[in-house]
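Heads up, the thing below is written out as structure tokens.
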Protein chains: 2
Amino acid sequence: MKPRFAFSISATDGAARAGVIAMQRGEIRTPAFMPVGTAATVKAMRPAEVRAAGADIILGNTYHLMLRPTAERMARFGGLHKFMGWDRPILTDSGGYQVMSLSALTKQSEEGVAFKSHLDGSRHMLTPERSMEIQRLLGSDIVMAFDECPPAGVDARRAEASMERSMRWAARSRAGFDAGEEHAARSALFGIQQGSLDEKLRARSAATLIDIGFDGYAIGGLAVGEGQAAMFGVLDFAPAQLPADRPRYLMGVGKPDDLVGAVARGVDMFDCVLPTRSGRNGQAFTWDGPLNIRNAKFADDQEPLDASCGCPVCTIWSRGYLHHLVRAGEMLGAMLMTQHNIHFYQDLMQAMRDAITTGRFAAFRSDFAARYRRA
Amino acid sequence: MKPRFAFSISATDGAARAGVIAMQRGEIRTPAFMPVGTAATVKAMRPAEVRAAGADIILGNTYHLMLRPTAERMARFGGLHKFMGWDRPILTDSGGYQVMSLSALTKQSEEGVAFKSHLDGSRHMLTPERSMEIQRLLGSDIVMAFDECPPAGVDARRAEASMERSMRWAARSRAGFDAGEEHAARSALFGIQQGSLDEKLRARSAATLIDIGFDGYAIGGLAVGEGQAAMFGVLDFAPAQLPADRPRYLMGVGKPDDLVGAVARGVDMFDCVLPTRSGRNGQAFTWDGPLNIRNAKFADDQEPLDASCGCPVCTIWSRGYLHHLVRAGEMLGAMLMTQHNIHFYQDLMQAMRDAITTGRFAAFRSDFAARYRRA
């Protein structure tokens, strides 16, 4: 019988870890990158194409899905997996971050967040309990605790108050999730560490979460504008504050060089809209760094996006063709650029898993840094 | 060795014919529907998906391609097939129709059409000779003669003058094509019958084209706003004016019921943007008629677009999911709606080929008409 949630680390190399999370709907190889499927679709990609790129798990957004098509409708369709045609694990966020960044007229209280939909102005309330209910209705495999994510640069007092509220919400999330019975018996719940850039606050947050007990632990409140140096500064201490035998998930990260630096510091899971959003905007990721395919210099370029890439796009089409498609506003341009980027991110994760497994992660990291030119 | 161009009719049923055109790049089963790949892409579809839907041949547009990415650039890439990754036959139009409908400040003369690009205002000239050169640079398999397509409702005098100019241009197209040597030795040239709705003008046009001699004959100047009844009126006599042993191609047509009525009247080939454009606009074709997936009644509909359709979309996704995607403006919505429509059109052609081959086309046509509700 498949386990509900079992994380095994098969190799470590410095702080970096390679392993597998076994769940009812399949295995997740770590370090893992989760493509973002905001509105029940990884934009411009069919599920089979996402899987063929190497993804073991995708992410869905509670905030978007609760507004459209709504969690209750999704449940009538048999859940998010059946609705969108993806049968492997899905992690759903709690809606806490997006409700603050996307909706209008939010009103926060100890109870939760009241807000108006950015789509039609309708009124809604997100609480830890409602977030757990929505994620259960979606049929999520990895449920995220409902939390508050303060912006970068808040003062120490606000950072502390926000972290403490998130910890109270984490306990309510745990209780709400556990009340889910059948769903709780086949899915997992992750807590989210907060505390801005402050080591002591993050230590207190971690201790509180560990006391409540979760299947995995996310590092929240980063990638909100603090910059890579500050983020790495936190990652120099935050992963070690979390249990070594549980997956560590860095939310909303990031660029390829962010991923390499975070894996080196002990992070196991990531999600980010960058490969999909950049793809739609004409940016392709390569082992030499990102390139903007709209640039006129690519009009006559008969080489693939990345000569060392084995993805279906690089196997068939040239930079010149992609340049033409993107310049002409053709949907196929966004489709192929996205497909390449999703493949590139998965190839990057596979390369890191291989390097950790064979004990040469330091060399991989150094080779990567020498070749990869950040935009 | 594969023939340059060999059309064989394997079955007839009334005026309807089923057959195969054998060419260097593959066989084209007729009656054939050619998906339109305007700008070196069938919009929102990868070539492999177009092929999997059953298409033997696609259409490219000379007017669009000469402006972007330009015929000369395409030639540097090894031609349109290699550029876009489609290795089967491609028919290219001559640019004559689109230059008049899309470009600004056109100036027609006996020589050809001078115009400004709708993209950047640059000045260009299309003549029969230049059109042949462009189609050769693209590496087209079926080249269309350069012609003038008058709008519906022109007076008899203008219809006659326009037809006669098109016939002079047809002779120049033949000479221009034949000068192509290596390309002419492996591709085919079609003439285009004009003459508006007038039987005598069309008879004269056909006789002139036959005298020049072409591999196939298109019926031009229809589907320009005259309506289905007037179009069928012309198709009651036009196909018989053209050689029985050559393919007859009705340009720019059409709706599913147009195709059935035209095949019944002896047409072998079609092209139209309808399945792709409608798909992007949320319209799906089914055996019961078109449906608009944006309609609120589909929000909770768990059935596929067409219960009798075996396409990859109907196999996996519900109307409710497609409704969600299209309403949310998700690219995957346009991708899947287009894919279904392209499959539906190819299934319709296959059903007609089967019906003709088994001598039950009249029954097919009657069953189709009884079930298919036009929008």
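Here the structure is a predicted model, which is why all the values come from computation and not from measurement.
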Which atoms of B:Q302 come close to chain A, meaning under 4.5 Å heavy atom to heavy atom: side chain ones, backbone ones, both, or neither? both

Nearest 0.5 Å, please: how far is NE2 in B:H324 from CZ in A:R73? 10.0 Å

Honestly, the part of A:R46 sitting under 4.5 Å from a heavy atom of chain B is both

For chain B, which of A:P47, A:P69, A:G85 has the most heavy-atom pairs under 4.5 Å? A:P69

Hey, is NZ on A:K43 packed in by over 12 heavy atoms from elsewhere, all under 6.0 Å? yes

Working to the nearest 0.5 angstrom, can you tell me the gap between A:M331 CE and B:T41 OG1? 10.0 Å

Determine the option with the most heavy-atom pairs under 4.5 angstrom with chain B, choosing from A:T38, A:L119, A:D300, A:L332. A:D300

Under 4.5 Å heavy-atom distance to chain A, tell me which part of B:L325 shows up: side chain, backbone, both or neither. side chain

Answer with side chain, backbone, both or neither: which region of A:M84 has an atom nearer than 4.5 Å to a non-hydrogen atom of chain B? both

B:R327 side, atom CZ; A:R68 side, atom CZ - distance, nearest 0.5 Å: 8.5 Å

How close do B:F77 and A:Y321 get, heavy atom to heavy atom, and via which atoms? CE2-N, 4.5 Å

Side chain / backbone / both / neither for A:A299 at chain B, heavy atoms under 4.5 Å: both

Closest heavy-atom pair, A:E330 versus B:A39, reported as atoms and distance to 0.1 Å, is OE2-CB, 3.6 Å

Please classify the contact of B:E72 with chain A as side chain, backbone, both or neither, using a heavy-atom distance under 4.5 Å. neither

When you look at CZ of A:R76, are more than 12 heavy atoms from neighbouring residues, nucleotides or ligands closer to it than 6.0 Å? yes

